[in-house]
Amino acid sequence: MKKKIAFELSVFETEKELAKEEANLLQMAVTARNKAYAPYSRFQVGAAILLGNGEIVLGNNQENSSYPSGLCAERVAIFYAGANYPNQIIKSIAISATSLEHEVKEPAGPCGNCRQAIAEYEYKQKSPISVIMRGESGQIFKCSAIADILPLAFNNSFLSDS
Ligand code: THU
């Protein structure tokens, strides 16, 4: 037996095709991106998280001379949300990436570690977190849940037998 796992990705040509709230969130991710601390990779990423109460939390990548000590934009933002708004639902995360070396023309998906970190909150709140992604230019991708882009994810159900 074989099982096929698939998901639907929404593709937009411009931000004008997005709902107003989503276009605004993506714009906030761009603003955050421009404040990234990325002197080593010169690859700047911004993340903007929309909470259930309408507040928006921002994050960007924070690099370190000891490279593994740095952190991606998505985790900076999601951990800030978790730390400061533990009772708020996380509705959506917009991610925008650019490079000081070349134009990023395609959406850069969140790395595996970030997918896992975001998934934790999706399991916790039992409602989907949509992900909106864009490079500096080009198409915008949207997936309606982090689970879609992290199939067969590890989660806390494996930690106990209940
Ligand atoms: N980066 C992010 O901020 N998010 C990702 O999902 C992928 C990569 C950052 C980490 C590092 O500062 C730079 O981009 C190059 O990998």
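Numbering of ligands and ligand atoms starts at 1, following listing order. When reading the values below, keep in mind they use all heavy atoms of this one structure, side chains included, and skip hydrogens, waters and symmetry mates. Just so you know, residue 1 is the first one in the sequence shown, and it goes up from there.
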Can you establish whether the number of heavy atoms outside E106 located under 6.0 Å from its atom CD is more than 12? no
Which residue and non-hydrogen atom of the protein lie closest to atom 3 (O) of ligand 1, and at what distance in Å? A73 N, 2.9 Å
Cluster companions of L152 among Ile, Leu, Val, Met, Phe, Trp, Tyr (side-chain spacing under 4.5 Å): I5
So if I apply the side chain to side chain contact (heavy atoms under 4.5 Å, CB included) rule between E22 and each of E15, K142, Q27, E17, which one comes out positive? K142
Look at ligand 1 and say whether G70 reaches it with a heavy atom at a distance under 4.0 Å. no
Is the F158 ring parallel, tilted or perpendicular to the F154 ring (thresholds 30°, 60°)? parallel
Please examine the side chains of S130 and K91, heavy atoms only from C-beta on, and report whether any two atoms are closer than 4.5 Å. no
If you count the atoms of ligand 1 from 1 in the order shown, which ones are under 4.0 Å from a heavy atom of S41? 13 (C), 15 (C)
Which of the atoms in ligand 1, numbered in the order shown and given with their element, are less than 4.0 Å from a heavy-atom of N61? 3 (O), 9 (C), 11 (C), 12 (O), 13 (C), 14 (O)
Is there a protein heavy atom at a distance of less than 4.0 Å from atom 16 (O) of ligand 1? no
Side chain proximity check, L51 to I56, heavy atoms < 4.5 angstrom: no
Can you list the atoms of ligand 1 that are under 4.0 Å from a heavy atom of E74? 2 (C), 3 (O), 4 (N), 5 (C), 6 (O)
Could you list the atoms of ligand 1 found under 4.0 angstrom from a heavy atom of P110? 6 (O)
Would you tell me which option among A47, C72, G59 has the nearest heavy-atom contact to atom 2 (C) of ligand 1? C72
Pairing residues for E8 by the side-chain contact (heavy atoms from CB on, under 4.5 Å) criterion, not counting sequence neighbours: none
Proximal candidate to atom 13 (C) of ligand 1 [heavy atom criterion; set E63, M133, Q44]: E63
